[in-house]
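Here the structure is laid out as structure tokens; the discussion comes afterwards.
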Amino acid sequence: MDLLSNLALGFETTLQPHNIFYCFIGALLGTLIGVLPGVGPTATIALLLPLTFTLDPISALIMLAGIYYGAQYGGSTTAILVNLPGEASAAVTALDGYQMARRGRAGPALAIAAIGSFVAGTVATLIIAVAAPLLAAFALRFGPADYFSLIVFGLICCVTLAHGSVLNAVAMIVLGILLSFVGTDIYTGAARFTFGYLPLFDGIDVVAVSIGLFGISEVLRNLENRHSGRASSVKDIGRLMPSRDDFRMSAGPIARGTALGSFLGILPGGGALLSSFASYAAEKRLSRTPERFGKGAIEGVAGPESANNAGAQTSFIPMLTLGIPSNAVMAMMIGAMILQGIQPGPSVMTQQPALFWGVIASMWLGNLMLIVLNLPLVGVWVRLATAPYYALFPAIIAFSALGIYSVNYNLFDLYTLTVFGIGSYLLIKLGCEPAPLLLGFVLGPMLEEHLRRAMILSRGDPSVFVTSPISAVFLLLAAAMLVVVAMPAIRRRREEVFVEED
């Protein structure tokens with residue numbers, strides 16, 4: 001009964017006219033940036049963070065959530081029709097979806113992608129509604145040492161599941177943590193890493209860091225690759241309704257993709273991208289005719305599309321219940337909560353029940369809206385996908401600069417934006433991902449706070465981190481993950497997976 005009453009509160013909150021509007025705006029923007037190659041949900045949410053100041057926290061999170069899972073829908077449309085994935089997680093969908101479109105079966109491919117996404121999104125939202133309160137109730141037992149070890153475990157998961165070199169990912173996390181220490185120590189009032197420069201006494205603004213890392217650097221990367229050749233667009237979509245055989249062949253992949261994505265989405269560093277590639281690999285391995293994959297197998301569309309939507313939505317579980325982001329988008333959503341004066345963690349469910357359940361209920365409404373937005377407007381989205389990038393990037397840069405300046409009316413934030421934008425671009429060229437850096441930057445203050453609090457309560461005894469059972473388990477799991485990923489066979493397999501992604 002508690003679940004039903006909580007969901008009733010969630011729908012009561014979501015179905016308020018202004019929240020319906022922001023849910024629609026989020027779904028629409030998500031579809032749009034999913035369609036447009038080179039933008040992506042991470043950059044878009046980074047750009048829109050300044051606007052969340054003018055909204056109440058519930059509306060802001062509902063809109064940002066809609067952008068994230070909406071992008072998973074939109075990315076499949078151009079992946080199938082133009083062989084141009086708008087979102088990274090849709091790259092797998094392009095392998096078989098575009099081949100189906102070339103054979104005159106674009107309609108069934110689009111329909112199965114939409115159906116699989118809707119089913120996965122609905123199931124994943126139900127999983128959030130059931131699992132999140134249980135996890136939050138368990139997390140309320142955590143002490144400072146337990147939270148410290150949990151954050152360490154989350155960062156290690158991010159390292160092991162990050163793209164590219166593990167050593168580079170560790171370096172990015174450490175850099176992010178060090179940058180988070182810039183400013184005034186909340187315990188002693190001492191200035192740290194400020195070099196006597198007054199604007200640094202308040203620390204580095206998370207919005208400027210986010211927009212620089214994912215907005216400006218993405219523009220630079222896309223300008224560099226803008227002249228690469230494009231595949232021709234498939235003009236004839238044909239009938240949308242899949243055949244009975246299509247439904248029969250897709251049912252299993254949709255179910256497996258939903259289950260796999262729901263699990264991987266919870267893991268730090270997992271989410272939609274890892275889920276879609278894992279689902280494709282699983283379906284190809286389970287198939288009796290694996291040679292069909294890459295040549296128009298509908299299972300290669302149904303499984304990954306279900307997995308990436310399930311992964312996108314279950315990644316909200318650790319963010320909402322533990323205050324631990326599983327990917328860069330969730331880190332920015334935590335940043336949005338902090339900017340709104342909300343402390344992320346298990347207390348959100350008890351202190352802000354309307355926000356907690358409103359965001360969950362909005363996912364059901366958003367998934368319904370996405371079905372309406374995607375299939376009937378396919379022609380519009382394909383035309384948008386062919387828009388020249390030179391018409392987009394000046395607006396992105398101008399919007400970034402205006403947005404970040406409007407937060408604090410501080411020129412130093414514009415310098416921060418520029419430094420992190422150029423720095424992120426250079427780091428990517430060196431094979432370093434910006435996402436671990438942002439996770440380290442967001443989690444760094446929490447990591448330090450719980451470490452110091454645990455040491456104060458234990459009177460300086462570091463054994464508290466291994467004598468607490470919960471803390472000891474998380475530290476053991478973190479150590480085990482590092483050992484496993486260092487094994488030659490696992491490391492070789494991991495490199496093969498990420499080469500396939502590229």
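Two residues are said to be in side-chain contact when any heavy atoms from C-beta on lie closer than 4.5 Å; Met337 and Met319 meet this criterion. Taking 4.5 Å as the limit, some side-chain heavy atom of Ser210 sits within range of a side-chain heavy atom of Leu438. Residues Thr314 and Ser262 have side chains in contact (heavy-atom distance under 4.5 Å, counting atoms from C-beta outward). Side chains of Ile428 and Glu433 form no contact here, defined as non-hydrogen atoms less than 4.5 Å apart. Between Ile58 and Val359, every side-chain heavy-atom pair lies at or beyond the 4.5 Å cut-off. Side-chain contact between Thr416 and Asp205 is absent, with no heavy-atom pair separated by less than 4.5 Å. In this structure, Met363 and Phe316 have side chains that are in contact, with non-hydrogen atoms separated by less than 4.5 Å.
In terms of heavy atoms, Pro434 sits closest to Ser424 at CB-OG, 3.6 Å. The minimum heavy-atom distance between Pro304 and Thr93, with the atom names listed, is CB-OG1, 4.4 Å. Across Ser279 and Gly257, no two heavy atoms sit closer than the pair OG-CA, 4.0 Å. The nearest pair of heavy atoms linking Asp413 to Ala208 is O-CB, 3.8 Å. Of all non-hydrogen atoms in Leu200 and Phe193, the two that sit nearest each other are CD1-O, 4.1 Å. Nearest heavy atom pair, residue Ile334 against residue Pro344, reads CG2-CG, 3.7 Å.
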Apply side chain to side chain contact (heavy atoms under 4.5 Å, CB included) to residues Phe474 and Ile151 and explain how you reach the verdict.
CA-CA 9 Å; Phe474 280 125; Ile151 294 171; over 6 Å; no

Taking it one step at a time, do Arg192 and Thr184 satisfy side chain to side chain contact (heavy atoms under 4.5 Å, CB included)?
CA-CA 6 Å; Arg192 304 186 301 185; Thr184 305; over 6 Å; no

Working for side chain to side chain contact (heavy atoms under 4.5 Å, CB included), residues Leu437 and Ile173
CA-CA 5 Å; Leu437 191 154; Ile173 284 179; over 6 Å; no

Given the rule in the side chain to side chain contact (heavy atoms under 4.5 Å, CB included) test, do Leu135 and Leu322 qualify, once you have shown the distances and angles that lead to the verdict?
CA-CA 8 Å; Leu135 188 58; Leu322 303 175; 4.2 Å; yes

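Across Val209, Leu175, Leu178, Val182, a single residue satisfies side chain to side chain contact (heavy atoms under 4.5 Å, CB included) together with Phe441, and that is Val209. Under the side chain to side chain contact (heavy atoms under 4.5 Å, CB included) rule, Ser117 has a single partner from Ile254, Ile371, Asn309, Ile112, which is Asn309.
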Side-chain donor-acceptor pairs under 3.5 Å in residues 17-30, sequence neighbours left out?
residue, atom, partner, partner atom, Å
Asn19, OD1, Ser59, OG, 2.6
Asn19, ND2, Thr13, O, 2.8

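By the ring pair (Phe, Tyr, Trp, His ring centres under 6.0 Å) test, Phe412 is found to be paired with Tyr197, residues two or more places apart in sequence or in another chain being considered.
Side-chain atoms of Glu305 never come within 3.5 Å of backbone atoms of Gly116 as a donor-acceptor pair (strictly under, hydrogens ignored). Between the side chain of Ser276 and the backbone N or O of Ala307 there is no donor-acceptor pair closer than 3.5 Å. With hydrogens and angles ignored, the 3.5 Å screen pairs a side-chain donor or acceptor of Thr350 with a backbone N or O of Ser347. When atom types are taken as modelled, the side chain of Ser217 and the backbone of Tyr425 share no donor-acceptor pair closer than 3.5 angstrom. Counting only distance, with no hydrogens or angles, the side chain of Ser315 and the backbone of Ala312 share a donor-acceptor pair below 3.5 Å.
Going from atom CE of Met369 over to atom OG1 of Thr31 covers 11.0 Å, rounded to the nearest 0.5 Å. One distance of note links CG of Leu150 with CD1 of Ile470; it measures 10.0 Å at 0.5 Å rounding. Expressed to the nearest 0.5 Å, how far CG of Leu320 lies from CE of Met330 amounts to 8.0 Å. In this structure, CG in Asn6 is found 7.5 Å from CE in Met349, a value given to the nearest 0.5 Å. The distance from atom CG of Leu260 to atom CG of Asn308, rounded to the nearest 0.5 Å, is 11.5 Å. Note that CD1 of Ile338 is 12.5 Å distant from CE of Met333, once rounded to the nearest 0.5 Å.
In Tyr415, the OH atom is not crowded: 12 or fewer heavy atoms of neighbouring residues, nucleotides or ligands sit closer than 6.0 Å.
Relative ring orientation between Trp364 and Phe11 is described as parallel, the plane-to-plane angle staying below 30° on a 0-90° scale split at 30° and 60°.
Aromatic pair His450/Phe148: ring centres not closer than 6.0 Å.
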